[in-house]
Visitor: 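Sharing a structure here in structure tokens format.
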Number of protein chains: 2
Amino acid sequence: MAQKIKLSTIADALGVSTATVSLALRDSPLVADSTRERIKEHARAIGYIYNRRAASLRTSRSGIVGVVVHDIMNPFFAEILKAIESELDRSRQTFLLSNHYDQLEKQRNFIDTLLQLGADGVIMSPAIGTPREDIQMLEENGLPAVLVARSVEGAGVPVFRGDDSYGIGLATNHLISLGHRRIAMIGGTDQTSTGRHRYQGYVLAMEKAGLHVQPDWRIPGPRTKQAGFEVSGQFLALPDKPTAAVCWNDLVAIGLMNGIARAGLVPGVDVSVTGYDDLEEAAIATPALTTVWNGQSDVGRRAARALLDRLNGVAVKVSQELIKPELHVRQSTGKPVERK
Amino acid sequence: MAQKIKLSTIADALGVSTATVSLALRDSPLVADSTRERIKEHARAIGYIYNRRAASLRTSRSGIVGVVVHDIMNPFFAEILKAIESELDRSRQTFLLSNHYDQLEKQRNFIDTLLQLGADGVIMSPAIGTPREDIQMLEENGLPAVLVARSVEGAGVPVFRGDDSYGIGLATNHLISLGHRRIAMIGGTDQTSTGRHRYQGYVLAMEKAGLHVQPDWRIPGPRTKQAGFEVSGQFLALPDKPTAAVCWNDLVAIGLMNGIARAGLVPGVDVSVTGYDDLEEAAIATPALTTVWNGQSDVGRRAARALLDRLNGVAVKVSQELIKPELHVRQSTGKPVERK
DNA sequence: CTGAAAGCGCTTACAG
DNA sequence: CTGAAAGCGCTTACAG
């Protein structure tokens, strides 16, 4: 590679100062039109590459926004990320993505990196066990944060998430209205706020309908298709044979349905199954999945906007923004059928 | 936030020079053990944050590696990315991820960003239509590149990918050996090297077996589950009713099987279907998918290592590294059945 | 083993 | 409308 081209290379070539070049390239009205055009034209011609590190060192604005979630390959987060991406793209922010896989240490490493790079802000779905101090520390170090999907008590930053308790209630009530009395809940964990909210919503709906909640009918843990598939045997062997399963999310529901089909039963007929999230895949699953739309794109879009607002000095209220879920009824739920 | 803490803050507090602090924090043997410990202890105590922009400006090494693929949420890339991630984590490189969605402009924007940030290298699965000049320009600007999954003729950089022609041949031959004579090929596009290689491999296997390749039996395009689902009607209406379908990838195969099931036929019995990639999901699909393992994790790991080698000055030969695919036979393929 | 000084490539008051 | 100069926070020869 040839000699490194910098502002002063251009300035020297055109007989102007670096200040003028710097202003011209950023379209400052302080520079005469003709000067600006000459400079921009020349910069393009010689292949000048703007050095953001130098600029950022000077201005202490990096144009980088960090996004960290449990697993970017999880389609639930994927939909949130797409919304964030298109929002950030519009304001020409670079976004730095990372998985924490619910490991606090990975999350901390990533946050360290953001601080070292002078990131402008961060959007996160906090790892299980994130103490509020971890979030508060961000603000103290000038890194504004916004949470998605999960909340952290007392962290004092905006949170955008679906109304999980209400949403799972929609699914549970739908099954109850079909006549189901013995309804299991498969997947999720009490270690996340989301997990607690969904379980509470399920319990609440059952109790409101005067139905007995049997602790055995809860199989906590699964959050993936694979895991849903693996617990299908356990589900089918549950005491008193529940006629329906409220699943933690669509992935678990689809895995569970695959397992039920392998066992020779017909999901949607012999056993009713509900999902959560309404991923694209829910509509084309066999049978098509009855599930709860969780507003992923809303969550992503609104979180990104809130962060951008903060970066631009607009006040953002620190509150829980609950997106209202909706029930989408398809083929995986029907009237209860007793198994032997 | 309080006064910004920098190297000189520590130096002043301890009565040493910034040079000593800088060396001590990076564990230089030039600094006496006791001095080093005092410095590190103090830095920790006052919450010093290393400014990578400043360091990088000085050293022109950023610790950033870019990774750009068509769509990070696609499980095929997801598996490559996981392998890259764990390899880069080990050498403490930050990785900057982006989707180009096969849009050249998005890809160019991302590469610009990498250049501006002074990234150390880039791993890419080039967007459809990437001219070799785009790749060559990277090297000229001191940004070493490594390609995965797709190649660009004459780009002069290492490529890591599966042997697509051979792999699709495994699937086609498997169907032929089961007795199938009329085999369709669903999905993929001639616009990518991968697409061309797979189609060629299919044609080659058919011809080698003395079978007629009917152009109508190719339905190009689909690359997602949704798209595979949508063309199932078109597939079932194909002239001469093929008894089997070689699919572009697992997603298309699963979507197609869902569509076939909706039409009242039983995939794996009435119609044989093969996938490609052997995603985690292939094993738990209903029926379990016969597919070709494509070595995603190998591709990712080896590409990351090659790049890291280059960054460390180890010579890397510029060649196509072909990973040998393997056929995994499951339940979605069987003897041919004639439909009316 | 430690320190003084220059410089990475920008941007921003300030002066004219 | 344009230029000269300082400074962002590091690291790296160089000197001692």
Visitor: So, A:R44 and A:E41, do they make that salt bridge, N to O below 4.0 Å?
Guide: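 Looking at A:E41 together with A:R44, the answer is yes, because their closest N to O distance falls below 4.0 Å.
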Visitor: Checking base pairs now: Watson-Crick or wobble, both atom distances under 3.5 Å. What partners C:dA4?
Guide: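 Its partner: none found.
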Visitor: Work out which heavy atom in A:H42 is nearest to a heavy atom in A:A13; give both atom names and the distance.
Guide: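 Minimum heavy-atom contact is NE2-CB, 3.6 Å.
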Visitor: Would you kindly give the CG-to-P distance between B:L14 and C:dG3, to the nearest whole Å?
Guide: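 For the pair B:L14 CG and C:dG3 P, the rounded distance is 10 Å.
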Visitor: Need one value for B:S8: base, sugar-phosphate or nothing, where a base atom within 4.0 Å counts as base even if backbone is also close, heavy atoms only.
Guide: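 Contact class for B:S8: none.
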Visitor: Any idea which of D:dC10, D:dT2, D:dT12 is nearest the A:L30 side chain?
Guide: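 Closest nucleotide to the A:L30 side chain: D:dT2.
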Visitor: Rounded to whole Å, please give me the gap between CD1 in A:I39 and P in C:dC10.
Guide: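 Spelled out: CD1 on A:I39 to P on C:dC10 is 13 Å.
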Visitor: Looking at the side chain of A:T20, which of D:dC1, D:dA5, D:dG3 is the nearest nucleotide?
Guide: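 Closest nucleotide among those given: D:dG3.
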Visitor: From D:dG7, D:dG9, C:dC1, pick the nucleotide closest to the side chain of B:R58?
Guide: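 That would be D:dG9.
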Visitor: Toward the 5' end of DNA chain D, which comes first, B:L57 or B:L23, by nearest nucleotide?
Guide: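 Upstream on the strand: B:L57.
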Visitor: Nearest whole angstrom, please: distance from the P of C:dT11 to the CZ of A:R53.
Guide: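 Going from A:R53 (CZ) to C:dT11 (P), I get 14 Å.
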Visitor: From CZ of B:R61 over to P of D:dG9, roughly how many Å is that when rounded to an integer?
Guide: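 Those two atoms, CZ and P, are 24 Å apart.
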Visitor: Tell me the interatomic distance from B:L115, atom CG, to C:dG9, atom P, rounded to whole angstroms.
Guide: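 It is 15 Å, rounded to the nearest whole Å.
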Visitor: Check every atom of D:dC1, D:dT12, C:dT11 against the side chain of A:A32 and return the nucleotide holding the closest atom.
Guide: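 From the listed options, D:dC1 comes nearest.
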Visitor: Write down the distance between CG (A:N51) and P (C:dT11), rounded to a whole number of angstrom.
Guide: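 Taking atom P of C:dT11 as the reference, CG of A:N51 is at 9 Å.
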Visitor: Let me spell it out: for each of B:R36 and A:R26, pick the nucleotide of DNA chain C with the closest heavy atom. Which residue's pick is nearer the 5' end?
Guide: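 Here B:R36 is the residue nearer the 5' end.
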Visitor: With a 4.0 Å cut-off on heavy atoms, is A:G118 in touch with a base, just the backbone sugar-phosphate, or nothing at all?
Guide: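 Nothing: the residue A:G118, judged by heavy atoms under 4.0 Å, touches no strand.
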Visitor: Would you say C:dT2 has OP1 or OP2 under 4.0 Å from some side-chain N or O of B:T35?
Guide: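 Yes, B:T35 has a side-chain N/O under 4.0 Å of OP1/OP2 on C:dT2.
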Visitor: For the atom pair OG (B:S17) and CG (B:L14), what is the distance rounded to the nearest 0.5 Å?
Guide: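 That separation rounds to 11.0 Å.
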Visitor: Which part of the nucleic acid does B:A19 contact within heavy-atom distance under 4.0 Å: base, sugar-phosphate only, or nothing?
Guide: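 Here B:A19 touches the bases of the nucleic acid.
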Visitor: Between A:D120 and A:G63, is there a donor-acceptor pair closer than 3.5 Å when you use the side chain of the first and the backbone of the second?
Guide: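 Yes.
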Visitor: What I want to find out is whether A:R150 reaches A:D102 closely enough, with some N-O distance under 4.0 Å, to be called a salt bridge.
Guide: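 So A:R150 pairs with A:D102 through a salt bridge.
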Visitor: Without decimals, in angstroms, what is the distance between A:I10 CD1 and D:dG3 C1'?
Guide: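 Rounded to the whole Å, the gap is 17 Å.
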Visitor: Nearest to the B:Y48 side chain among C:dT12, C:dC10, D:dC10, which nucleotide is it?
Guide: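 Nearest nucleotide to the side chain: D:dC10.
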Visitor: Take atom NZ of B:K4 and atom C1' of D:dC10, then tell me their distance rounded to the nearest Å.
Guide: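 That distance rounds to 13 Å.
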Visitor: With a 4.0 Å cutoff (strictly under), does any side-chain N or O of A:S22 reach OP1 or OP2 of C:dT11?
Guide: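 For C:dT11, OP1/OP2 do have a side-chain N/O of A:S22 under 4.0 Å.
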Visitor: Parallel, tilted or perpendicular: which one describes the rings of B:Y101 and B:H70, with boundaries at 30° and 60°?
Guide: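 Ring orientation of B:Y101 relative to B:H70: perpendicular.
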Visitor: What's the closest nucleotide to the side chain of B:K6 if the choices are C:dT11, C:dC1, D:dC10?
Guide: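 Of the options given, the side chain of B:K6 lies nearest D:dC10.
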Visitor: By nearest nucleotide on DNA chain C, pick out whichever of B:V16 and B:A54 is the more 5' one.
Guide: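 Final value for this comparison: B:V16.
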Visitor: With the side chain of A:T18 defined as its heavy atoms from C-beta on, choose the nearest nucleotide among C:dT11, C:dG9, D:dT11.
Guide: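 The nucleotide sitting nearest to the side chain is C:dT11.
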